[in-house]
Amino acid sequence: MSIKDKFKKIRDGYVINQVKNLDIPNFETDNIHRYRVTFDGRVQKVGFRLEVCELAQRLSLTGFCKNLKSGKVLAELQGPKNRIDFLISYMESLKRIKIDRKVIQEMEIKKDEKDFLKENET
């Protein structure tokens, strides 16, 4: 295993543990929304997608998260608006990540979606 792979494994373990131990608030019932969010900044090679996916799963959101060749990260988040807002705020609070800009677009809800996926780069 290369040094790069060892660091990635350590980072991924840290991210998973961080989200697993995060104190999730009790959310009020809220309307379901779907947003396409494009994050720009230091968002690749820092565990960003993994953290989004782990947290989205804990929040019972559906959708996906993937790296773009441009260096940005694209996420489609579906679920109660207050949970989506919590996820975005949490990601903005992380010190190892630097979100310079985010673009949020409301989208049509996908009724048959059941999971949150971490996708490969497109």
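Rounding to the nearest 0.5 Å places CZ of R83 at 10.5 Å from CG of L55. Distance check, rounded to the nearest 0.5 Å: CD of Q78 to NZ of K114 gives 11.0 Å. In this structure, CG in D85 is found 11.0 Å from CG in L59, a value given to the nearest 0.5 Å. Residue Q44 holds its CD atom at 11.5 Å from NZ of K69, rounded to the nearest 0.5 Å. Here the straight-line distance linking atom NZ of K81 with atom CD of E106 works out to 8.5 Å at 0.5 Å rounding. Distance check, rounded to the nearest 0.5 Å: CG of D100 to CZ of R42 gives 8.5 Å.
Taking both residues in full, the closest heavy atoms of K72 and T38 are given as CD-CG2, 3.8 Å, listed atom of the first, atom of the second, then distance. Here the closest non-hydrogen pair linking I88 and V37 is CD1-CG2, 4.1 Å. Of all heavy-atom pairs between I97 and M91, the closest is CD1-CE, 3.7 Å. Contact between K118 and C53 at its shortest, heavy atoms only, is CB-SG, 3.2 Å. In terms of heavy-atom proximity, V52 sits nearest to L87 at O-CD1, 3.8 Å.
Annotation: side chain of P80 is in contact with side chain of L61 (closest heavy-atom distance under 4.5 Å). Using a 4.5 Å heavy-atom threshold, the side chains of E113 and R34 count as touching.
A continuous path of hydrophobic side-chain contacts links I84 to I104 [ILVMFWY only; heavy atoms under 4.5 Å]. Residue L77 is not grouped with residue M107 when hydrophobic side chains (ILVMFWY) are merged at heavy-atom distances under 4.5 angstrom, including chains of intermediate members. Hydrophobic clustering (side-chain heavy atoms under 4.5 Å, transitive across Ile, Leu, Val, Met, Phe, Trp, Tyr) keeps L50 apart from Y90. A continuous path of hydrophobic side-chain contacts links L94 to I99 [ILVMFWY only; heavy atoms under 4.5 Å].
A donor-acceptor contact shorter than 3.5 Å links the side chain of Q57 to the backbone of F116. R58 places no side-chain N or O within 3.5 Å of a backbone atom of I24 that could act as its donor or acceptor partner.
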Should E51 and L22 be marked as a side chain to side chain contact (heavy atoms under 4.5 Å, CB included) after you check the CA-CA gap, both sets of side-chain angles, and the distance that decides it? CA-CA 11 Å; E51 194 131 12; L22 181 64; over 6 Å; no

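The ring-ring contact (aromatic ring centres under 6.0 Å, His included) contacts involving residues 29-79 comprise H33-Y35, F39-F48, where partners must be two or more places apart or lie in separate chains. Within the structure, ring-ring contact (aromatic ring centres under 6.0 Å, His included) contacts touching residues 94-114 (residues at least two apart or in different chains) do not occur. Residue pairs meeting the side chain to side chain donor-acceptor pair (under 3.5 Å) criterion with at least one member in residues 20-31, sequence neighbours excluded: N17-N21.
K8 has a carboxylate O that lies under 4.0 Å from a charged side-chain N of D12, or vice versa, which qualifies the two as a salt bridge.
In this view, F27 and F86 satisfy the ring-ring contact (aromatic ring centres under 6.0 Å, His included) rule, not counting sequence neighbours. Annotation: side chain to side chain contact (heavy atoms under 4.5 Å, CB included) contacts of Q105 (sequence neighbours excluded): R36, V103. Partners of K110 according to the side-chain hydrogen bond (donor to acceptor under 3.5 Å, both in side chains) rule, which considers only residues two or more places apart in sequence or in another chain, do not exist here.
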